Amino acid sequence: MSDDVGVRLRALRELRNISQRELARLSGVTHSSLSQIEQGRVSPSVSSLKKILDVIPISIGDFFTMDIERADQVFYQYAELPTRYSGDILYRLVGADRPARALSFLIETYPPGADTGREVAAHRGEETGLVLEGEIEVTVGGRTRHLGPMDTWYFDTNIPHRFRNTGRTACRLISCCTPAQPDMHRSEVHEETPPEAELNSD
DNA sequence: TAGCTAGCACTGGTCCCGCC
DNA sequence: GGCGGGACCAGTGCTAGCTA
């Protein structure tokens, strides 16, 4: 078990290109502890492990379930991207098998009328994106803009924001936000069967 | 319940090695 | 030689288990 924790921790740390001492400084755990954990000499306490994983950042659950062997996957075919639904909105996450990723890159599809809701939870970070097809109404803070193909946005995600398809056709867009969210970056995302609006425009 | 003991995580310091 | 990164070691503190 301790060996496994050490191997996983080292893999994550090297993935982030952080030295033991840097990770120790950021997490508040000593560098010797990190060294011993990575070598499997000790099994870290939950509190210590959490402090370390908070820096990476990754949840303890993801830490123990991540697939280290696949962590170096570079290319993803569209069809293999996992899908999630939040209401009517379809999300496909690139690099879902990389729990330690530094950002979330999503391909999103909004059927007509789809809406993230008035109160999209604001979180610290940045988001940018591009409309591929269709139109989307984007509200950031008090500003609202209708965006079409090849239009883009960029905002601090601690500002309340909302995406709404007020058009008659599905809108497909790509978005990228930091830091990476545990799953998706919009709220209430789930894997249930999609509402009829499943946009098989794929 | 209190005292003792062993085990373990954790810390601080230090050493070794490679690189510039 | 200085610096950074990783590993090692001795000591400390906490906790669980055992015994009276």
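The shown structure was predicted, so the numbers you read here are calculated from the model rather than taken from an experiment. These values consider heavy atoms only, across backbone and side chains, with no hydrogens, waters or symmetry-generated copies. Labels below follow one simple rule: chain letters A, B, ... track the order of the sequence lines, proteins then strands, and each chain is numbered from 1.
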**Prompt:** Parallel, tilted or perpendicular: which fits the ring planes of A/Phe155 and A/Phe163, with parallel below 30° and perpendicular above 60°?
**Reply:** tilted
**Request:** Evaluate the ring planes of A/Tyr91 and A/Tyr110, with Trp represented by its six-membered ring, and classify them as parallel (under 30°), tilted (30 to 60°) or perpendicular (over 60°).
**Result:**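 The rings of A/Tyr91 and A/Tyr110 stand perpendicular, inter-plane angle above 60°.
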**Side-chain (A/Ser27) to main-chain (A/Leu23) donor-acceptor, under 3.5 angstrom** = yes
**Prompt:** For A/Gly113, does its backbone N or O pair with a side-chain atom of A/Asn165 as donor and acceptor, under 3.5 Å?
**Reply:**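 No, A/Asn165 side chain to A/Gly113 backbone: no donor-acceptor pair under 3.5 Å.
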**Item:** Residue of the set A/Thr116, A/Thr144, A/Asp115 for which side-chain hydrogen bond (donor to acceptor under 3.5 Å, both in side chains) holds with A/Arg162
**Value:** A/Asp115
Between [atom2] of [N] and [atom1] of [X], the distance in whole Å:
X       : N     : atom1 : atom2 : result
A/Gln36 : C/dC8 : CD    : P     : 9 Å
A/Leu23 : C/dG5 : CG    : C1'   : 13 Å
A/Leu9  : C/dA7 : CG    : P     : 12 Å
A/His31 : C/dA7 : NE2   : P     : 11 Å
A/Glu38 : C/dG5 : CD    : C1'   : 11 Å

**Asked** Quick one: CG on A/Leu130 to CG on A/Leu147, what's the gap to the nearest 0.5 Å?
**Response** 10.0 Å
**Prompt:** How would you give the extent of chain A contacts on DNA chain B, as first and last nucleotide 5' to 3' within a 4.0 Å heavy-atom cut-off?
**Reply:** B/dA9 to B/dT14
